[in-house]
Q: 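Provided herewith is a single structure, encoded as structure tokens, for subsequent inquiry.
Not measured: the values here are computed from a predicted model. Below, read A as the first sequence line, B as the second, and so on, with proteins coming before strands; counting in each chain starts at 1.
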Protein chains: 2
Amino acid sequence: MDRFLSSATNRIDAKGRVSVPAHFRSVVQRRGFSELYALRALDVPAMDVGGPDLLDRYEERIALEDPFLQTADDMSFFIHGDGSFLKLDQDGRITVSDFLREHTGITTEVTFVGRGLFFQMWEPERLNAHAAEVRQRLSAMRQQASQARAAGTE
Amino acid sequence: MDRFLSSATNRIDAKGRVSVPAHFRSVVQRRGFSELYALRALDVPAMDVGGPDLLDRYEERIALEDPFLQTADDMSFFIHGDGSFLKLDQDGRITVSDFLREHTGITTEVTFVGRGLFFQMWEPERLNAHAAEVRQRLSAMRQQASQARAAGTE
DNA sequence: TACTGTAATATGGGATACCATGGGAAAGCA
DNA sequence: TGCTTTCCCATGGTATCCCATATTACAGTA
């Protein structure tokens, strides 16, 4: 399978290194990425990490904004401004930079979350909070949908 | 038969492995898969499990959404982040990870419940409680319906 | 229906391979 | 020279392979 899936939490060692889950590394290889791009996620305190295609995706997103408006420029700055890329060492580890820590709140542990075509890096506690929100939204959405169906058949 | 039917309870061994019921395995293997896709169910403490094709179906669903709106992001977060592949070993067993235990409360035994296109993994006690709830809801609903019918004919 | 043998399945355990993690040493940089 | 980064190796823990044994399901026979 060549998609990033499931999540795992790894510890950051004294030198600031953390192992990228083996499963993710094999996906990276299979997709033929030689370098990983880490971008700040737009709405959440997480990093989006993936191959060059991740950049394309963000470009598309920016393209939707009116180029004369502040928003587009802000987004572009936000993404390209400090966009760092992560080097995998021989043991499949990356070094967690201050840039990463600042945006995510990561200190001693990192949770890697598969997102299909890319993956995310989270501070474990913040991830839990976010996950709870997401599940609640989806659950509410599903109830609404089934109520709407019931109403339609009455 | 290519549907998941009936239920069975199996024990988890000292290494955290548990056999997937043979008839469930044959459903998956007939399609040529050697791994399972498991997703944390939204409203109940159970895992929804199926072949990797189950994931495909979800991804197709997401593709219908505007990729830059919150809904698409939530859905992806859920099916990729709350999902995981379970590798079947040669004897048809899977290892029950903390990822599964956390959400389901599973400790020493697992009940596998056929649900047609997928099956579920439950902690036996919780399944009993849930089954009782479901029965009660259904019988309440039936009583309501028959009362409404009686009222209509009076 | 009861009994019996057989095959399929579930379970247990030793050995092995893989992976996260930690630390020493060499290599770059100020 | 100090400091950080990168390489390399050691270790413990976990997952996987492979085989043995127990248990269950099934089919045939009386």
Q: Protein within reach of the bases, or only the backbone? For nucleotides 16-30 of chain C, mark each nucleotide 5' to 3' as B, S or -, using heavy atoms under 4.0 Å.
A: ---SSBBBBB-----
Q: Cation over ring, B:Arg40 on B:Phe99, under 6.0 Å and within 45°?
A: yes
Q: Hey, are A:Arg3 and B:Asp56 close enough for a salt bridge, meaning a charged N less than 4.0 Å from a carboxylate O?
A: yes
Q: Quick one: does A:Arg115's side chain get under 4.5 Å of B:Phe77's, heavy atoms only?
A: yes
Q: For the CD atom on A:Gln136, are there more than 12 heavy atoms of other groups (residues, nucleotides or ligands in this structure) within a distance under 6.0 Å?
A: no
Q: Below 4.5 Å, heavy atoms only, C-beta onward: do A:Met121 and A:Ile94 meet side chain to side chain?
A: yes
Q: Any Lys/Arg nitrogen of B:Lys15 or B:Asp13 sitting under 4.0 Å from an Asp/Glu carboxylate oxygen of the other?
A: no
Q: Are there over 12 heavy-atom neighbours, none belonging to B:Arg31, within less than 6.0 Å of that residue's CZ?
A: yes
Q: Rounded to whole angstrom units, what separation is found between the CD atom of A:Gln90 and the P atom of D:dC7?
A: 5 Å
Q: Once you round it to whole Å, what is the distance between C1' of D:dT6 and CG of A:Leu86?
A: 16 Å
Q: Counting C-beta onward and ignoring hydrogens, is there a side-chain heavy-atom pair between B:Phe33 and B:Leu88 closer than 4.5 Å?
A: no
Q: I need the residues from residues 95-113 of chain B with at least one non-hydrogen atom less than 4.0 Å from DNA chain C; give them sorted by number, or say none.
A: none
Q: Between B:Leu88 (CG) and D:dC17 (P), how many Å, whole number?
A: 11 Å
